[in-house]
Amino acid sequence: MTLVKTPPPLSQEVDLSKTYDAVVVGSGAAGGMAAHVLTEQGMDVLMLEAGKKFDINQIGQELRSMQWPYDHPRRGDAPPGYHSLSFNEYTVRNPPYAKGSTFKHVMSYVGGWGGSDYVKNILVDEKDHPYTGTKYAWVRARLLGGKTNIWGRLALRLSDYDFKAKTHDGYGEDWPIAYADIEPYYDRVDRYLGISGVKENLPHLPDSLFQRPNKLTSAEVKVRESLKKMGRVLTPYRAGVTTDGLKHNKYRSKCYGRGACDRRPGGCDIHAAFDSPTGLIYPSMDTGHLTLRTNSTAHEVLVDKNTGKARGIGFVDTATGKSLEAKAKVVILAASTLESARLMLLSRSPQYPNGIGNSSGHVGHNFCEHVMGPGVTGLVKEMVGKPPTLDDGRPGGFYIPRFRNLKDKQPDFIRGYGFEGGSGFGIFPGSANGTPGFGAQFKKEVRDHAGAFIGLGGFGEVLARYENYVDLDPDEKDHWGIPTLRFHYQFGDNEKKMCQDMVVAGREMLEAAGIDVIGTDDQILTEGWSIHELGTSRMGTDPKTSVLNQFQQSHDVKNLFVVDGSSHVSASCQNPTWTIMALAWRSCEYLAGEFKKGNL
Ligand SMILES: Cc1cc2nc3c(=O)[nH]c(=O)nc-3n(C[C@H](O)[C@H](O)[C@H](O)COP(=O)(O)OP(=O)(O)OC[C@H]3O[C@@H](n4cnc5c(N)ncnc54)[C@H](O)[C@@H]3O)c2cc1C
Ligand code: SF4
């Protein structure tokens with residue numbers, strides 16, 4: 001198969017006098033999936049994306065997946081004037097973090113992951129996009145495809161331990177769906193986008209329809225074997241990457257294991273890793289039913305005064321600041337969990353004085369995500385001095401699924417956490433900076449140890465709580481004059497206790513495998529660090545305590561849908577993107593059916 005490098009024409013000349021069947025706000029995982037499902041059903045869709053577009057070749061130039069550090073003039077660093085926020089900056093100050101900065105451009109911490117030049121046009125400039133309130137490391141990517149251009153690709157399913165978590169432990173709310181409702185849609189996402197992994201038959205981490213898995217290193221196999229005796233599992237990274245190729249998608253290649261995944265934030269220039277433009281948006285444009293307008297920053301869902309229904313979107317041209325309107329019969333918000341909540345709160349009208357879809361007062365509330373930071377590093381003694389092997393030629397290392405509070409009941413915390421980890425040789429031996437000495441002996445020391453480390457980092461469920469929320473700041477505005485979000489959000493005791501357990505359990509697992517633990521980290525990273533924000537417009541059966549029904553349709557406004565992570569009732573501990581897309585598929589199929597019946 002020849003990889004098509006030229007996307008369909010991404011015209012800016014969009015007919016705004018026309019009333020589209022549906023307008024979708026946002027082009028990331030959620031918006032891309034909405035466009036795919038609705039255009040397949042024959043609906044005429046307008047997609048508004050606040051950021052700019054990169055065509056496939058530009059993305060190649062931007063990400064430069066195969067560029068060696070020594071071929072870059074600054075080893076990957078952005079030019080002078082750019083600054084990536086550090087953990088300390090997030091910790092000692094409250095947002096807006098770029099306020100008063102002497103740097104011309106300020107990026108979130110992701111820019112500091114060994115290659116700020118590769119994300120300087122992808123991450124938002126915090127100077128243009130401020131927010132206020134409690135500490136929160138908010139990572140945003142405003143461009144066609146959103147965060148999917150740089151996501152980590154760990155693609156996991158949720159189970160009934162998550163959907164029916166309240167039934168299991170009494171806390172919070174159950175989702176209005178069960179695993180059986182979403183399973184067929186997970187299957188469709190797997191087949192359409194490709195996912196690699198190994199079947200494990202775990203009730204708490206259902207298997208996908210996997211393509212060829214990544215290989216584990218010998219150290220990882222050793223831990224996997226040892227964990228079996230503890231009733232725990234280490235499985236190859238379940239990557240949202242096509243390893244066997246996808247015959248139906250001419251914009252994506254299969255993974256050649258070139259190792260670039262591990263070199264810097266994101267960036268597969270042959271699109272083996274899923275991203276929304278090549279995975280969903282270009283194929284939708286090829287149907288002839290999708291119109292795309294980039295540089296379109298939505299600030300309001302427009303309402304028909306007579307019917308109370310949504311009638312379109314008010315937006316500004318991001319480049320010119322010109323105010324414009326798009327008209328549609330159905331409005332679909334997919335601007336990401338926090339931006340969709342902001343849009344709903346911004347959409348105040350006589351009919352909806354608290355913001356559209358917010359009769360419950362729950363928009364912005366029950367905000368949740370994953371807590372991370374604690375982890376363990378081990379030294380695999382028998383690997384010291386071994387000749388190098390190509391271990392970073394794969395899209396990820398391994399995953400250890402949740403093992404707490406399944407059949408057992410922990411005394412100190414409810415819910416659970418999983419570990420992401422990796423081992424073996426990488427492009428740059430992480431241990432070099434901490435190795436003492438110099439000259440030939442130093443180099444030998446670094447080389448001998450380069451492939452002998454193994455690391456685990458926990459990702460835990462943050463409980464959804466009404467008192468964790470976002471609202472609009474009454475004073476602060478972004479570059480376009482749109483009121484910004486204000487955070488009222490903090491980790492609680494359950495998260496802190498869970499983090500203590502991550503360190504204990506991580507040590508126990510490595511030691512059981514005969515691996516020396518040479519470092520533990522018990523520091524919890526700033527709220528937001530996981531980039532898995534969820535739950536600001538949760539689904540439910542009761543319109544008084546939830547915002548959306550099981551099809552992500554507003555209880556208040558029947559032609560308004562919110563198809564991103566806002567709808568999640570609880571965070572679970574599994575990474576959310578595959579679930580976001582499976583839910584969006586299910587909801588948009590329902591939407592198209594209702595639209596055809598004239599019910600919207
Ligand atoms: C570095 C990194 C690593 C990650 N790793 C993983 C992982 O391993 N596994 C996992 O499951 N998830 C991961 N994630 C999270 C994943 O990227 C998100 O869950 C996913 O992208 C969410 O999709 P979305 O469509 O809701 O939001 P986004 O992908 O953020 O897309 C939202 C889009 O809406 C646009 N938009 C926002 N506001 C407006 C507006 N007002 N008007 C018009 N358009 C607007 C944005 O520009 C953006 O393009 C990672 C994220 C990052 C950044
Ligand atoms: S390892 Fe595979 S998915 Fe990652 S950048 Fe290389 S080809 Fe793409």
Side-chain angles (χ1 to χ4, degrees), residues 24-34 47-53 63 65-66 108-111 113 119 122-124 129 139-156 196 214 237-243 252-277 280 293-300 313 315-316 318 333-340 342-343 346 369-370 392-396 399 420 459 478 480 482 530-534 562-566 574-581 584:
V24 177
V25 180
S27 67
M33 185 52 80
M47 173 178 274
L48 297 177
E49 164 54 49
K52 53 195 169 297
K53 63 175 184 281
L63 300 170
S65 310
M66 295 307 290
S108 65
Y109 73 91
V110 168
W113 286 356
V119 285
I122 292 177
L123 297 173
V124 300
H129 298 271
V139 178
R140 288 150 293 164
R142 278 206 174 188
L143 75 160
L144 185 66
K147 297 194 289 282
T148 65
N149 290 291
I150 52 168
W151 74 306
R153 305 112 190 213
L154 184 57
L156 303 173
S196 82
N214 302 307
Y237 201 79
R238 293 185 169 180
V241 168
T242 171
T243 44
R252 299 182 62 198
S253 158
K254 71 175 180 184
C255 172
Y256 287 98
R258 305 164 307 155
C261 276
D262 239 12
R263 287 182 192 164
R264 56 181 73 107
C268 178
D269 57 2
I270 58 170
H271 311 284
F274 160 72
D275 57 59
S276 175
L280 296 166
R293 194 181 194 285
T294 51
N295 276 336
S296 306
T297 300
H299 58 80
E300 189 180 0
I313 291 288
F315 67 100
V316 288
T318 314
L333 301 185
S336 76
T337 295
L338 289 164
E339 291 290 4
S340 289
R342 182 179 172 199
L343 258 171
L346 283 167
E369 53 150 346
H370 297 147
D392 62 350
R394 53 181 184 164
Y399 185 69
E420 292 183 31
F459 279 72
D478 68 13
W480 297 268
I482 304 169
S530 69
I531 328 179
H532 293 161
E533 57 272 11
L534 298 162
V562 189
V563 300
D564 53 32
S566 317
Q574 283 95 288
N575 306 40
T577 308
W578 231 242
T579 303
I580 290 174
M581 290 195 286

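Each ligand, and each atom within it, is numbered from 1 in the order the structure gives. What's counted below: heavy atoms across the whole structure, side chains too, no hydrogens, waters or symmetry copies. Residues take their numbers from the sequence shown, with the count starting at 1.
By the criterion of a heavy-atom distance under 4.0 Å, the side chain of V25, and not its backbone, is placed next to ligand 1. If you look at K147 next to ligand 1, the close heavy atoms, those under 4.0 Å, come from the backbone and the side chain alike. With a 4.0 Å cut-off on non-hydrogen atoms, S296 touches ligand 1 through its backbone and not its side chain. The side chain of H532, and not its backbone, has at least one atom closer than 4.0 Å to an atom of ligand 1 (non-hydrogen atoms only; side chain from C-beta on).
At least one N or O atom of T577 sits closer than 3.5 Å to an N or O atom of ligand 1. Ligand 1 has a nitrogen or oxygen under 3.5 angstrom from a nitrogen or oxygen of A298. Annotation: G565 places no N or O atom under 3.5 Å from an N or O atom of ligand 1; distance criterion only. Checked against a 3.5 angstrom limit, the closest N/O atoms of T297 and ligand 1 fall outside it.
With ligand atoms numbered from 1 in the order given, ligand 1 contributes 26 (O) to contacts under 4.0 Å with heavy atoms of D564. The atoms of ligand 1 that sit less than 4.0 Å from any heavy atom of G146 are 29 (O), 31 (O), 48 (C), 49 (O). Remark: ligand 1 atoms within the under-4.0 Å shell around heavy atoms of A141 are 46 (C), 47 (O), 48 (C), 49 (O). With ligand atoms numbered from 1 in the order given, ligand 1 contributes 21 (O), 29 (O) to contacts under 4.0 Å with heavy atoms of T148. Atoms of ligand 1 lying under 4.0 Å from any heavy atom of A30, numbered from 1 in the order shown and given with element: 25 (O). Those atoms of ligand 2 with a heavy atom of Y256 less than 4.0 angstrom away are 7 (S). Atom numbering of ligand 1 starts at 1 in the shown order; those under 4.0 Å from a heavy atom of L48 are 43 (C), 44 (N).
Across A29 and S276, no two heavy atoms sit closer than the pair N-CB, 4.3 Å. Minimum heavy-atom separation, R293 to N295: NH1-O, 3.5 Å. When all heavy atoms are compared, the tightest approach of A50 to T318 is O-OG1, 2.8 Å. Between A273 and R252 the shortest heavy-atom distance is C-NH2, 3.5 Å. For the pair N214 and A239, the tightest heavy-atom approach, listed with the atom from each and the gap, is ND2-CB, 4.4 Å. The minimum heavy-atom distance linking A30 with I580 is given by the pair CB-CG2, 3.8 Å.
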Side chain to side chain contact (heavy atoms under 4.5 Å, CB included) evaluation trace for V25 with E339:
CA-CA 10 Å; V25 180; E339 291 290 4; over 6 Å; no

Could you please spell out the steps behind the side chain to side chain contact (heavy atoms under 4.5 Å, CB included) verdict for M581 and F274?
CA-CA 12 Å; M581 290 195 286; F274 160 72; 3.6 Å; yes

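Judged by the shortest distance from any of its heavy atoms, L143 lies inside the 4.0 Å radius around the atoms of ligand 1.
Applying the side-chain hydrogen bond (donor to acceptor under 3.5 Å, both in side chains) criterion to N575, with sequence neighbours excluded, gives E420.
With distances taken over non-hydrogen atoms, the option nearest atom 9 (N) of ligand 1 out of L154, V139, T294 is L154. Distances from atom 48 (C) of ligand 1 to the heavy atoms of H129, R142, E533, E49 show the closest one on E49.
Among the candidates R140, K147, R342, the single residue satisfying the salt bridge (Lys or Arg N to Asp or Glu O under 4.0 Å) test with E533 is K147.
In this pair, W480 and H129 present their aromatic rings tilted. The plane angle is within the 30 to 60° band.
At a cut-off of 2.8 Å, measuring from atom 4 (Fe) of ligand 2, the protein N, O or S atoms that fall short of it are C261 SG, waters left aside.
Once rounded to the nearest 0.5 Å, the distance linking CZ of R258 with CG of D392 reads 12.0 Å.
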